[in-house]
2 protein chains.
Amino acid sequence: MSEPVVGGRKLQKERTREALMNTALELSLQKGFAQLSLRQVSQAAGLVPSAFYRHFESMDELGLALVERCFGTLRTMIRDAQRDPEVIEHIIDASAEILVEAVKASKADFAFVVRERLTGSEPVREAIRHELDLFVSELAVVLVRLPNIESWTTEDVQMVARLFVRNMHANAELVVEMPEDRPDLEAKIVELARREMRLIVLGFANWRSS
Amino acid sequence: MSEPVVGGRKLQKERTREALMNTALELSLQKGFAQLSLRQVSQAAGLVPSAFYRHFESMDELGLALVERCFGTLRTMIRDAQRDPEVIEHIIDASAEILVEAVKASKADFAFVVRERLTGSEPVREAIRHELDLFVSELAVVLVRLPNIESWTTEDVQMVARLFVRNMHANAELVVEMPEDRPDLEAKIVELARREMRLIVLGFANWRSS
DNA sequence: GATACTAGTGAACGCGCGTTCACTCAACTC
DNA sequence: GAGTTGAGTGAACGCGCGTTCACTAGTATC
């Protein structure tokens, strides 16, 4: 275009790149990332198709950039939560509420991870699986510091961590698929998540004596 | 074609219809059902694209037929298992092994359900979600007849049923994604599934006293 | 054995796709 | 302020897509 540019060329390029990513994320909410075409994303971001190549080599590369960004968001939230001693104290009740809050706040990010884990192109799927594994390991590190767990085997702790992540994942899915206009469902999901977590922890507490 | 037909026109038509469904199921293992084209499926089934319309109005309709067939398989297996008293007796250990066996035997069917639940076209997704809900309700009916559970509220039983289905679903996913040439992983998955189920049941047993 | 039926054929269509390339012109460098 | 750089343009390409339609030939009906 012959329009003047607002803040320097580097900044503008970064803005366009982010516009492409945000547009793809938004569109993927409706139809799944693998169904998006390069042309659709470019046009919705206000670009001509060939301009796409100034920012990504392919849709796959854009997908990987999205995975990275989404898990960055997730990891930041978890690390912030870990710093709050009250959260560790009441880990069950807290995690249910945090989860629902977090998912609501970054709905598109969570939806992307939830949906594309099994679906996206092979590289996208693999990247997500890898990030989720990292996530389980991180949670295991937190859990192992809790009283009564220090003595467990690494394998057992990993198993419980996996169970927790799986449940968080499933509940995140519920929130993601929750209709916009039904905030009453939210309370139910929180309650459900809370009870399920408690259920796991109860089994968990009786694990050694079984 | 000018080739003679083997067993009557009706039978032959049914065979072709099933060939289309099987081909689509198989191809969807590699790239996801939503990524399949009518032409690909037709060609792989040995048909010209326009012949597809003699059997289905669209790929969506084929997808719905597949959902129905897959859950039919699933439901039959569950009903058979329920008739075996030994299975009810040792429901935890049995269900872990049954699950892995069943998934291995009907890998494509399970893979389809697991993958397309979040991904397929909107009608396919909705159909799968509906069938899974039915499945949870059916399991709740089985559970409520177990000793010590009869007195629970319907809501609680449904919750536990949902937790079970969620775990079966997640473990089915592990088996589906298991590489063909690593049968050693299978034993690990069975063991993991067994322990997780036991974990849930333990929490479950302590539920009332919490 | 003539007649109706229908699963499957093959050519044609218009369309959106990914990719390429020569081009423009504002932002940057010196 | 002349020269370079590079984000974005727009036309063109070949391709696979879903869908249509007139057709062929084996099967079923009477």
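Proteins come first, then strands; the chains are lettered A, B, ... in the order of their sequence lines, and each starts at number 1.
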TODO: Not counting sequence neighbours, list each pair that qualifies as a side chain to side chain donor-acceptor pair (under 3.5 Å) and has a residue in residues 22-33 of chain B.
DONE: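 The answer is B:N22-B:R69, B:K31-B:Q40.
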Task: salt bridge (Lys or Arg N to Asp or Glu O under 4.0 Å) partners of B:R115, counting only residues at least two apart - done: none
Validation: residues 58-66 of chain A side-chain donor-acceptor distances under 3.5 Å, sequence neighbours left out:
| from | atom 1 | to | atom 2 | distance (Å) |
| --- | --- | --- | --- | --- |
| A:S58 | OG | A:D60 | N | 3.4 |
| A:S58 | OG | A:E61 | N | 3.3 |
| A:D60 | OD1 | A:S121 | OG | 2.7 |

Open item on the list: Between P on C:dA7 and CZ on B:R15, what's the gap in Å once rounded to a whole number?
Closed with: 14 Å
Open item on the list: The criterion is side-chain contact (heavy atoms from CB on, under 4.5 Å); which residues satisfy it with B:K104, sequence neighbours excluded?
Closed with: B:E101, B:V175, B:E186
TODO: Could you pull out all residues at least two apart from A:E155 that satisfy salt bridge (Lys or Arg N to Asp or Glu O under 4.0 Å)?
DONE: B:R195
Task: For B:T73, side-chain hydrogen bond (donor to acceptor under 3.5 Å, both in side chains) partners two or more places apart - done: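 By the side-chain hydrogen bond (donor to acceptor under 3.5 Å, both in side chains) rule, B:T73 matches B:D109.
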- [ ] Rounded off to whole Å, could you give me the CD-to-C1' distance for the B:E14 and D:dT27 pair?
- [x]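 So the two atoms are 17 Å apart, to the nearest Å.
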TODO: Compare all side-chain heavy atoms of A:L132 with those of A:V136 and state whether any distance is below 4.5 angstrom.
DONE: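 Of all side-chain heavy-atom pairs linking A:V136 with A:L132, none is under 4.5 Å.
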For nucleotides 28-30 of chain C, give me every protein contact, N/O to N/O, under 3.5 Å, one pair per line with atom names.
| from | atom 1 | to | atom 2 | distance (Å) |
| --- | --- | --- | --- | --- |
| C:dC28 | OP1 | A:R9 | N | 2.8 |

TODO: Write out all pairs satisfying salt bridge (Lys or Arg N to Asp or Glu O under 4.0 Å) with one or both partners inside residues 123-132 of chain A, taking only residues at least two apart or from two chains.
DONE: A:R75-A:E131, A:E122-A:R125, A:R129-B:E177
Open item on the list: Rounded to whole Å, please give me the gap between CZ in A:R17 and C1' in D:dG8.
Closed with: 17 Å
Open item on the list: From CD of B:Q43 over to C1' of C:dG10, roughly how many Å is that when rounded to an integer?
Closed with: 14 Å
TODO: Check DNA chain C against residues 47-56 of chain B and give the residues with a non-hydrogen atom under 4.0 Å, in numerical order.
DONE: B:L47, B:V48, B:S50, B:A51, B:R54, B:H55
TODO: Can you sort out the partners of B:D133 under salt bridge (Lys or Arg N to Asp or Glu O under 4.0 Å), two or more places apart, ordered by chain and number?
DONE: none
Open item on the list: Quick check on contacts: within residues 22-41 of chain B, what sits under 4.0 Å from DNA chain C by heavy-atom distance?
Closed with: none
TODO: Would you please confirm or rule out a distance under 4.0 Å between OP1 or OP2 of D:dG8 and any side-chain N or O of A:T16?
DONE: yes
Task: Pairs where residues 16-53 of chain B contributes a residue and the test ring pair (Phe, Tyr, Trp, His ring centres under 6.0 Å) is met, not counting sequence neighbours - done: B:F33-B:F112, B:F52-B:F56
